[in-house]
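The structure displayed is predicted, hence computed values, not measured ones.
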There are 2 protein chains.
Amino acid sequence: MKENYTIKDIAELAGVSKGTVDRVIHKRGKVSPKALEQVNKVLDKIEYKPNPIAKSLKNNKIYNIAILLPDADADPYWLPCYEAIKQIEQEFSHFGIKINKGVFKPKSTKSFTKAADLVIAEKPDAVLMVPLFYKEAEHVAKMCVAAGIKIATFNNYIKEPQINLEIGQDLFQSGRVAAKLFNMLLGNKATLAVLHIDEAFQNASHMQEKERGFKDYFAQKELAYTINVHNIKKESKIPFDQTIENFLKSLDAVDGLFVTTSKAYLLANHIAAYLPKSFIIGYDLVAENIKYLEEDKIAFLIHQDPKKQVYLSLTNLIEFFLFDKPLQESLTLPIDIINTENYPQYLN
Amino acid sequence: MKENYTIKDIAELAGVSKGTVDRVIHKRGKVSPKALEQVNKVLDKIEYKPNPIAKSLKNNKIYNIAILLPDADADPYWLPCYEAIKQIEQEFSHFGIKINKGVFKPKSTKSFTKAADLVIAEKPDAVLMVPLFYKEAEHVAKMCVAAGIKIATFNNYIKEPQINLEIGQDLFQSGRVAAKLFNMLLGNKATLAVLHIDEAFQNASHMQEKERGFKDYFAQKELAYTINVHNIKKESKIPFDQTIENFLKSLDAVDGLFVTTSKAYLLANHIAAYLPKSFIIGYDLVAENIKYLEEDKIAFLIHQDPKKQVYLSLTNLIEFFLFDKPLQESLTLPIDIINTENYPQYLN
DNA sequence: GACAAAAATGTGCTCGAACACATTAAAAAA
DNA sequence: TTTTTTAATGTGTTCGAGCACATTTTTGTC
């Protein structure tokens, strides 16, 4: 009653051969109504689930998983993803898992499309991607669906109902988390600035979701907060750092600065000179952010855990391929609040 | 060169039979020096790792894992652990994993020892336990080692070098995390109270580690903080809630209260009446704490994620048994900072 | 009833590791 | 050299699922 039954067990219980049981289970026909009933009767009683290990051994297939992700040289935010991939390769290479990286420039749609084409040409079993570019990513997703390739995304979202696995953070809610932190630090009245700092604005929806959540918090609580939004973009011939400094010079006094990207460090660099009493809340545990966090120039960081996102995406896909574990369609990861004292544990 | 080699492949390459290769790999002797050299030559070149799936199938053993953990009726802190167990049972029952719960009363060493004896009598392959009672847990660990049973702990620590897997949080550091939060909220000068609230003091080392870390932060930063420590214990005939209220009545004004146990809600219940301007930081996402967090009577909670602790412990043990993945000897989990906006994602 | 065609059922092999057992080769004793 | 003993090597089976193929049973037709 509690055993793990095998096909052979079922065959004996039903008084038929394992071939017949197999045909019933896989609905391959060529079974008499009488035998069908006998087998189904047993099947109803015992709730059979095939031994996933035996199944996997019989299958004995090499699974190719392709990952489309941005170059970490262009943005260190992506560095932990590469560590996750390395770790997965070590853990699962002997399970017949092959991983193929398709690296693209985070500012170039052309680079993304090229990497995608290259990777899909090799007919992988699954494609995991960062859908930075909405239209192009949608196209990749559709191509995968058409080719019967499992498609998964992480870090960003696109509205494509046929995606098999989506892992990311609730960006709206993470804006609210930042808002609440400011609320705790500053009380019921303050002036805040939301800063969208990025070298390119490919990622605009990302930032705007955070902004929406941020504003939503104060609106809902009916607090006397003044919130100004600023877009800061790298200008062609001026160093980015200089652009930031110029911006800070022109900025009126504020109590807090919410940076929606991982570029809070650019701000923190000058905060002491221009706004010594302001709090900064930013995103992501990149090395430079941690440096300023330690110097107390950044109050809090919100961790999006790209490493965990990749790790979970890949293990989910692998366990699906190897052991038929169902794919989690959508997985929203916790929004980690980071200060000087708890960041090391999040770096693994 | 990149293939996954099988024993058969190696046998062919070395010009011997798979039996001989097998004997070399497992060092079972009965191999001539000549054959040994031939096989080792191949082995050196290709870095062979046996197919873990085939190995597992051949093994085809049912593994019994026993878990010693406190009754969730006595303390809801443990409730998530039971969810994790349920989840693991569903995921892994068809991999031949059986889990046997040994539930004990969190205030009774006798109950712990009894549950341990019962569970060990069934000769499990591993015992995972919450070592609430130092001496008794140490004894259990030694018994397991003697019986060749793998032994793992979570949530608490005991100093037993032969433990195979330890999962928990850095409690000293979590005290520092709380201290830093108060520092951000209150600036460079304040008066704080550390409260050890528990119905019994079995868990004293737990609380004291947190207190040590808490004090250490302010000492290291040389901040003008006054910190008073209070032990609050349930008195036999008075309701616990009444004891707390009496304590608050007698307490001088403080700016913040650090509760080292999951009992912050007992305090929060009366905070508005006695200390309306004080911040409370406590531990654990139990239902009542979340209620007061939402009402802004608790400022922050620190999440020890008992569910994740159990889940990770069990998957680690299972993958060790099934696929020879090495056991992580010691795993320190992140110290999650929780506010009103990010708690839902941590509840799974 | 005889025989062909079709349907149903059973058998046997594979995946890779692991080990029992059978077989062969080499060394020791006669 | 022959026999006995020991060492070395190879063969075959198992684990459970899954599928190809062989065999048996049933149905249809003259």
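A donor-acceptor pair under 3.5 Å links the side-chain atoms of Gln169(A) to the main chain of His303(A), judged by distance alone. Within the 3.5 Å criterion, the main-chain N or O of Pro131(B) finds no donor-acceptor partner in the side chain of Glu138(B). Here the side chain of Glu136(A) pairs no donor or acceptor atom with the backbone of Thr113(A) at under 3.5 angstrom. When atom types are taken as modelled, the side chain of Asp9(B) and the backbone of Thr6(B) share a donor-acceptor pair closer than 3.5 angstrom. A donor-acceptor contact shorter than 3.5 Å links the side chain of Gln309(A) to the backbone of Gln304(A).
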Using a cutoff of under 3.5 Å, can you pull out all pairs of nitrogen or oxygen atoms linking the protein to nucleotides 8-11 of chain C, with atom names and distances?
unit_1  : atom_1 : unit_2   : atom_2 : d
dT9(C)  : OP1    : Ser32(A) : OG     : 2.5
dT9(C)  : OP2    : Ser32(A) : N      : 2.7
dT9(C)  : OP2    : Ser32(A) : OG     : 3.0
dG10(C) : OP2    : Ser17(A) : N      : 2.5
dG10(C) : OP2    : Ser17(A) : OG     : 2.9
dG10(C) : OP2    : Thr20(A) : OG1    : 3.2
dG10(C) : N7     : Arg23(A) : NH2    : 3.0
dG10(C) : O6     : Arg23(A) : NH1    : 3.1

Distances for protein N/O vs nucleotides 22-27 of chain C N/O pairs under 3.5 angstrom?
none

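Evaluation of the salt bridge (Lys or Arg N to Asp or Glu O under 4.0 Å) rule for Glu319(B) yields Lys325(B) as partners, not counting sequence neighbours. The ring-ring contact (aromatic ring centres under 6.0 Å, His included) test applied to Phe95(A) returns Phe92(A), Phe323(B), not counting sequence neighbours.
Atom P of nucleotide dG16(C) and atom NE2 of His26(B) are separated by 16 Å, given to the nearest angstrom. One atom, OH of Tyr48(B), and another, C1' of dA17(C), lie 6 Å apart when rounded to the nearest Å. In this entry the distance linking CZ of Arg28(B) with C1' of dC21(C) reads 13 Å, nearest Å.
Looking at heavy atoms from C-beta onward, Val31(B) lies out of side-chain contact with Val39(B) at the 4.5 angstrom threshold.
The residue from Asp71(A), Val130(A), Val103(A) that alone fulfils the side chain to side chain contact (heavy atoms under 4.5 Å, CB included) condition with Trp78(A) is Val130(A). Among Asp170(A), Leu333(A), Asp336(A), the one residue that satisfies the side chain to side chain contact (heavy atoms under 4.5 Å, CB included) test with Gln345(B) is Asp170(A).
In 5' to 3' order, the nucleotides of DNA chain D bounding all contacts with chain B (an atom under 4.0 Å from a heavy atom) are dA8(D) to dG16(D).
Listed by residue number, Leu57(A), Lys58(A), Asn60(A) are the residues of residues 51-60 of chain A with a heavy-atom contact under 4.0 Å to DNA chain C.
Between the side chains of Asn348(B) and Tyr311(B), no donor-acceptor pair of N or O atoms lies under 3.5 Å.
For Lys49(B), the NZ atom sits in a packed shell: over 12 heavy atoms of surrounding residues, nucleotides or ligands are nearer than 6.0 Å. For Glu37(B), the CD atom sits in a loose shell: 12 or fewer heavy atoms of surrounding residues, nucleotides or ligands are nearer than 6.0 Å.
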